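Remember, it's 1-based here, ligands and their atoms both numbered in the order they're listed. Bear in mind the structure is a predicted one, so any value in this text is a computation, not a measurement.
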Amino acid sequence: MPNLDLVVNEIADEMRQRPDRGEVATYIPELARVDANAFGIAVIDADGNVAAAGDSDTSFSIQSISKVFTLTLALGKVGDRLWSRVGREPSGSPFNSIVQLEREQGIPRNPFINAGAIAVTDVILSGHQPREALGEILRFMRFLADDPAITIDKAVAASEQRTGFRNIALANYMKSFGVIENPVDFTLGVYFHHCAIAMSCKQLAMAGRFLAHEGRNPSTGLSVVHRERARRINAIMLTCGHYDGSGEFAYRVGLPGKSGVGGGILAIAPGKASIAVWAPGLDNAGNSHLGRIALETLAKRMGWSIFG
Ligand code: DON
């Protein structure tokens with residue numbers, strides 16, 4: 001078995017030298033301020049060993065990666081009833097697309113496209129005030145990452161709240177079909193804020209460990225979700241985690257993964273490791289360009305693709 005520390009450091013060196021970095025997201029103005037040359041990677045194996053390199057301690061905006069954790073919370077709250085509000089099929093469309101919603105009566109294709117994630121946030125919000133729902137999400141992230149210092153970047157949340165016209169449209173459109181229960185601005189407020197949670201690669205890799213180990217944190221033995229639920233969340237990450245780039249990600253990397261427009265990707269090597277990478281430049285589908293290449297290289301050198 002190749003030495004994980006060595007492989008992770010090699011990958012960080014190789015990524016640092018590449019001229020192709022993709023384009024930093026600018027539609028959320030605050031995200032445009034990030035350093036396009038940043039690169040971080042952290043891998044945590046089953047024994048809790050951390051292999052990390054580059055900017056692995058620098059916090060970045062996790063954006064859509066938060067949707068893995070809100071999906072986990074919503075499934076914990078309402079179980080399989082969630083699937084009457086949101087589907088679990090790949091959309092083949094961009095993350096902020098509205099077209100399928102009309103044909104499919106306001107039911108979003110899956111929990112990771114923006115419409116689906118907004119519907120999931122609405123499920124978490126029901127019965128609570130927005131502040132409580134957000135507190136629950138943040139506490140869950142802190143618990144999973146075992147780090148009470150994780151916070152929300154309020155400037156990023158405010159920036160998206162000011163400019164999130166597409167999400168506002170998506171939420172109103174779903175509301176017209178009765179898919180959103182709460183006031184649209186409450187649901188969106190929670191959504192924008194959980195997308196603005198800031199974490200480092202090391203914290204994110206920690207938070208993802210339960211998905212790599214049948215629903216448990218292997219260091220503490222504590223169960224977060226049932227193994228069947230972990231398996232299913234991984235399945236949705238594999239099929240839907242990269243929007244209309246999900247097929248390409250499965251083809252090249254071969255691991256369940258979830259991207260965010262902040263340039264992060266959380267990837268899961270089942271039974272082996274939880275992995276977080278961060279490189280802010282994105283490809284055409286809004287997924288981290290170098291992040292995907294780094295994961296492809298890691299999966300290949302470690303022999304971790306789930307497809308053998
Ligand atoms: O709703 C949005 O557009 C952002 N808060 C999150 C989008 C995102 O991260 C898409 N990922 N690649």
(request) Please step through side-chain hydrogen bond (donor to acceptor under 3.5 Å, both in side chains) for the pair Ser259 and Tyr243, ending with a clear verdict. (result) CA-CA 9 Å; Ser259 67; Tyr243 316 105; 4.7 Å; no
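The side chain of Asn167, and not its backbone, has at least one atom closer than 4.0 Å to an atom of ligand 1 (non-hydrogen atoms only; side chain from C-beta on). Residue Val261 touches ligand 1 through backbone and side chain together, judged by heavy-atom distances below 4.0 Å. Contacts between Arg166 and ligand 1 below 4.0 angstrom, taking non-hydrogen atoms only, are absent altogether. Neither the backbone nor the side chain of Phe192 comes within 4.0 Å of ligand 1, counting heavy atoms alone.
Shown here is Glu89, whose CD atom has no more than 12 heavy atoms of other residues, nucleotides or ligands within 6.0 Å.
The nearest protein atom to atom 7 (C) of ligand 1, hydrogens excluded, is given as Ser64 OG, 3.0 Å; this is a heavy-atom distance. Considering only non-hydrogen protein atoms, atom 12 (N) of ligand 1 sits nearest to Gly286 O, 3.0 Å. The nearest heavy-atom contact from the protein to atom 1 (O) of ligand 1 is Tyr191 OH, 2.5 Å. At the shortest separation from atom 3 (O) of ligand 1 among protein heavy atoms lies Tyr27 OH, 2.5 Å. Among protein heavy atoms, atom 2 (C) of ligand 1 sits closest to Glu160 OE2, 3.0 Å.
Look at Asn114 and you'll find a heavy atom under 4.0 Å from some atom of ligand 1.
A donor atom on one side chain and an acceptor atom on the other are not found under 3.5 Å apart for Thr70 and Tyr191. In summary, the side chains of Asp122 and Asn182 do present a donor paired with an acceptor at a separation below 3.5 Å, with no hydrogens or angles considered. Side-chain contact of Gln203 with Asp146: a donor-acceptor pair under 3.5 Å is absent, judged by distance alone. For the 3.5 Å distance criterion, the side chains of Thr72 and Arg229 fail to qualify, holding no donor opposite an acceptor.
Using a 4.5 Å heavy-atom threshold, the side chains of Phe69 and Ile137 count as separate.
A donor-acceptor contact shorter than 3.5 Å is absent between the side chain of Asn49 and the backbone of Asp45.
Within ligand 1, counting atoms from 1 as listed, the ones closer than 4.0 Å to a heavy atom of Ser259 are 12 (N). Annotation for ligand 1: atoms under 4.0 Å from non-hydrogen atoms of Gly260 are 9 (O), 11 (N), 12 (N). The contact set between ligand 1 and Gln63, taken as ligand atoms under 4.0 Å from a residue heavy atom, comprises 4 (C), 5 (N), 6 (C), 9 (O). Set against the non-hydrogen atoms of Cys195, the atoms of ligand 1 under 4.0 Å away are 5 (N). In the vicinity of Phe95, heavy-atom distances shorter than 4.0 Å reach the ligand 1 atoms 3 (O), 7 (C), 10 (C).
Below 30°, between 30° and 60°, or above 60°: for Phe249 and His242 the angle between ring planes is below 30°, a parallel geometry.
A salt bridge does not link Glu296 with Lys300: every distance from a Lys NZ or Arg NE/NH1/NH2 to an Asp or Glu carboxylate oxygen is 4.0 Å or more.
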